[in-house]
Amino acid sequence: MTCIVNVKGLTKSYKNQPVLKELNLQIEQGDVVGLLGKNGAGKSTLLKSLLNISDIDSGEISIFGEQYNQLSSKSKARIGYVPQENDEISWLSVKDLINFRKQFYAVWSDEKVTELIGRWEIDLTKKIAELSPGQVQRVLIILALAPMPELLIFDEPAASLDPAGRRDFLKEILALVSDENITVIFSTHITSDLERIANKVAVLDKGQICYFNDLDITKENVVQLTVHCQEEQHIAIPHLLRGKTFSKGQHGIVSQLDQAWLAQMQEQAIEVTVTPMGLEDIFLELTA
Amino acid sequence: MQQFVISPSSGIPIYKQLYSQIERMVLSGYFSVDQRLPSVRQVANDLDVNPMTVSKAYGLLEERGYLTRLRGKGMVVTARDNEVLQQEKLTMLDEMIKELLAQAKHMGISGNKVAQLINDNIANEQDETVGKE
Amino acid sequence: MANILLHGWWVKVFVALLWVIAIAIRFTMHDDSREDLLFTIIAFSNFLLYLMVAMRLPLLTHSKMAILLPNFSQKLKQVLLVIFGVSLLPTLLVLPDAVTWLAFISISILSTLIFVAMIYQPIYQIFIWLLILMPLPMELLDISLNKEKLFTTLAWLLPLIIWFSYALLNKLVNYRGNQKHVSKIIATMNVSMGKTLAVQENIPFSDRTKLAQWWANSHFSYYRKLISAASNTSQQLSNRKLIEISCQSANSFGVNAYVVWSVGISLLCVLGLVIDESYHHFFTPMVTLIPAMIIGTGSITLFQIIQCKKSYLARLTILPRFKQHNSFARAFLAYVFYNQAMLYCFIALLLAVTARVFGHINLTIYINLILILLVYCFVTISIMLFAWRAVQDYGNPVVWLMLIGFICTIVFATNMASSGMPLLIFDGVFQTLLVTSLLLITFSSYQYLQYFTKR
């Protein structure tokens with residue numbers, strides 16, 4: 001699997017406050033990576049730094065094997081980006097904006113644009129300033145998808161969309177993901193969206209990617225354990241994130257489910273109940 | 001047509017949920033032998049999930065022998081020995097019984113009491129069947 | 001991309017009109033008496049075009065997507081070169097000889113460089129001031145400017161200038177610096193003319209320059225004092241005062257502005273009195289600018305401020321304070337008239353004082369000027385009132401009309417100054433104009449009052 005995005009030692013400070021500290025991240029082709037993080041953790045900063053929209057203090061970033069700040073035109077044409085905030089010229093009409101962007105790309109799917117404009121009922125003659133935030137987001141998504149990119153980067157793409165809009169957006173991404181060459185990175189707060197479409201989850205906390213793993217493996221490993229034992233029996237739970245002892249046993253949350261230890265417990269006839277957690281709870285536990 | 005139900009926010013990974021459901025459906029005969037399952041794309045589209053997840057579930061089912069991949073047709077239910085099927089059904093029930101017994105133990109009810117309860121239930125059911133006839 | 005850089009019908013039409021006029025003059029003139037006029041017209045039209053494009057440039061260079069769009073810099077470079085090339089076509093028809101033409105290209109390129117530099121780094125605005133002030137030191141140092149020699153030099157320098165500007169162009173299309181300042185410019189350019197001010201209001205206080213912060217603070221503290229004085233003495237502020245306070249903005253022409261202008265003009269006059277009389281005509285351009293800037297900052301700005309506060313003022317009208325039948329409308333009109341009357345009287349005063357010191361206009365011209373400004377004032381208040389009570393947003397055309405009207409007024413005034421016109425008040429055409437404008441303002445005010453009565 002080729003590594004599409006390779007980040008090593010990315011450091012960025014904003015007004016003398018460190019935001020990203022020696023961050024490392026490798027994303028392979030075909031991955032759909034959900035980027036989770038608390039408010040202000042630096043998700044947007046990370047994505048903007050990747051694309052050279054924000055300057056960085058130090059670090060090496062390569063996209064499609066090229067230096068991130070010297071991307072060839074060909075590589076740029078393979079990237080689609082939907083920013084969190086809209087800084088498009090507000091007096092342009094939707095039609096003008098689409099035509100403007102189209103000039104830059106050799107590959108541009110008019111069918112896709114027409115299909116989405118129709119499905120999402122966007123008035124082409126309206127100016128950007130006259131659209132609702134949800135519609136603006138949709139237009140930005142269309143602009144990112146039209147050149148049929150291979151790397152899609154979304155910064156909170158569904159923030160302004162209502163549930164129906166979010167579902168529609170997810171469907172679009174899923175349709176693209178069926179083609180295995182597409183790599184997607186998206187940052188979001190909405191864990192249920194991530195659970196549907198991501199195959200990998202990255203957690204940004206305290207300036208670093210503190211957790212990066214396959215989503216299914218995450219759900220199978222970051223679990224709640226209840227060990228039914230007597231208080232006197234001090235059972236050490238491996239990979240414990242947070243634990244509590246009470247009279248009839250121990251309760252803990254682990255970041256990794258050690259099968260060997262489970263087998264051991266079984267041998268010792270100590271009962272262990274495993275309760276899996278949804279991604280939202282997992283995220284809260286990992287960043288507590 | 002939506003025949004699978006998944007809950008994305010559950011702690012159980014989606015592929016596992018799908019796997020369990022299809023496993024049950026095959027064992028119970030909901031899917032008959034040689035019946036073709038909907039394509040990965042179709043399922044992913046219906047459920048709004050990543051096709052890779054569906055692929056994973058199907059792959060696992062293929063590994064365990066429930067499904068076979070046929071060229072041009074997709075995934076079909078494997079025809080298997082009745083004995084093997086029976087064994088697998090029993091294995092499934094065995095898991096459920098283990099859980100039941102664990103629960104009972106928590107509640108402080110002995111295994112014998114549980115067995116008695118089961119026998120009572122069986123007896124009741126037989127009575128009902130006789131009553132109907 | 002061109003339609004972003006050249007967006008806006010008003011300017012395009014205006015520039016094209018000037019080109020047509022220039023070409024028409026060229027083909028109807030039989031001698032070179034009007035050569036200078038021709039040169040001025042074509043220079044003005046082209047500079048306007050370059051300024052417009054320069055102001056729109058940051059929208060493209062500093063947008064996030066500029067980094068991600070493939071071949072962005074090349075395309076931008078191409079478009080800029082094409083626009084520049086096309087703008088030179090009319091000059092081919094209009095300018096008399098090769099030397100003038102080449103010199104014109106040099107001047108165009110240099111001025112474009114200055115415009116762009118000014119936009120991206122405000123420090124370069126000093127060039128404009130230097131240009132205005134240049135004649136005085138030149139005369140003092142006895143450097144004479146020979147037009148022929150200047151043009152020839154510029155024509156010869158053209159290759160160097162082209163090479164230099166091409167290098168800068170390459171740097172420009174990749175330039176992303178001075179984000180803070182440029183994003184303010186972008187915010188202004190990202191809206192239509194009717195709203196250029198509103199955006200400045202939304203710039204967070206901490207992002208403004210220290211001077212801007214102090215200015216805004218002192219402006220508003222005057223009104224704060226007013227309010228607390230009233231509440232202390234439990235004496236009610238008049239309706240007009242209330243509306244005045246509601247319509248204040250950091251960009252309002254308030255007490256600060258009056259003070260600064262008075263001090264500035266006084267200093268200028270002192271300078272004028274000290275310097276030998278023969279140098280007085282060097283101050284003429286600066287002095288002519290005065291009414292322009294005051295009207296710009298006091299009249300057009302007022303319009304934009306109130307245009308943006310429409311919904312806020314609408315909320316005020318339903319307050320119990322204004323429940324009396326059209327008391328709001330009356331107080332509002334009182335505020336607008338009072339405000340503009342003060343402004344124009346101030347301009348008249350400044351004009352009188354500078355005329356006395358610099359002697360660039362005599363009494364006849366002065367009275368004519370005042371009369372013209374009066375007509376302009378009436379007409380502009382009328383259209384402002386019309387726009388303010390309209391449901392649709394007419395901000396854009398009104399601002400353009402005010403600007404164009406004002407430019408015409410200035411052109412007419414300068415022409416008048418040099419051609420020695422008699423007192424306009426005795427002229428039939430002007431009398432009609434004056435009466436019409438009076439009627440217009442009366443009608444507009446009446447309509448405004450009616451509008452509120454109906455509600």
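Computation of the quantities below employed the complete heavy-atom set of this structure, encompassing side-chain atoms and omitting hydrogens, waters and symmetry-equivalent molecules. Chain A is the first sequence line, chain B the second, and so forth, proteins listed ahead of strands; every chain is numbered from 1.
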In this structure, are over 12 heavy atoms from other groups packed under 6.0 Å from B:R64 atom CZ? no
Give me the atom names and distance for the closest heavy-atom approach of A:A198 to B:N50. C-ND2, 4.3 Å
So, the side chain of A:K219 versus the backbone of B:S10: is there a donor-acceptor pair under 3.5 Å, distance only? yes
Interatomic spacing from CD1 in B:I14 to CG in A:N199 - rounded to 0.5 Å: 11.5 Å
Using a cut-off of under 4.5 Å on heavy-atom pairs, state which of B:G11, B:P51, B:S55 scores highest against chain A. B:G11
If you measure from CG on A:L194 to OG on B:S9, what distance do you get to the nearest 0.5 Å? 10.5 Å
Contact between B:N45 and A:L174 at the side-chain level, heavy atoms closer than 4.5 Å - yes or no? no
More than 12 heavy atoms of other groups within 6.0 Å of A:Q266 CD: no
Go through the atoms of A:S192 and report whether side chain, backbone, both or neither lie under 4.5 Å from a heavy atom of chain B. both
Just give me the residue among A:T275, A:T218, A:T273, A:I197 that pairs up with chain B most often, heavy atom to heavy atom, under 4.5 Å. A:I197
When heavy-atom pairs shorter than 4.5 Å are enumerated against chain A, which of B:V49, B:V40, B:I6, B:T53 gives the highest number? B:V49
B:M25 atom CE: more than 12 heavy-atom contacts under 6.0 Å: yes
Verify the neighbour count for atom NZ of B:K113: are there more than 12 heavy atoms of other residues, nucleotides or ligands below 6.0 Å? no
By the definition side-chain contact (heavy atoms from CB on, under 4.5 Å), identify the one residue from A:L215, A:D214, A:D216 that meets it with B:P13. A:D216
Count the heavy atoms belonging to other residues, nucleotides or ligands that lie under 6.0 Å from CD of A:E115, then report whether that count exceeds 12. yes
Assert top hit (heavy-atom pairs under 4.5 Å, partner chain B, pool A:E280, A:R167, A:E195) equals A:E195
Would you check if the side chain of A:R196 reaches a backbone N or O of B:D48 as a donor-acceptor pair within less than 3.5 Å? yes
Under 4.5 Å from any heavy atom of chain B - which part of A:Q224: neither
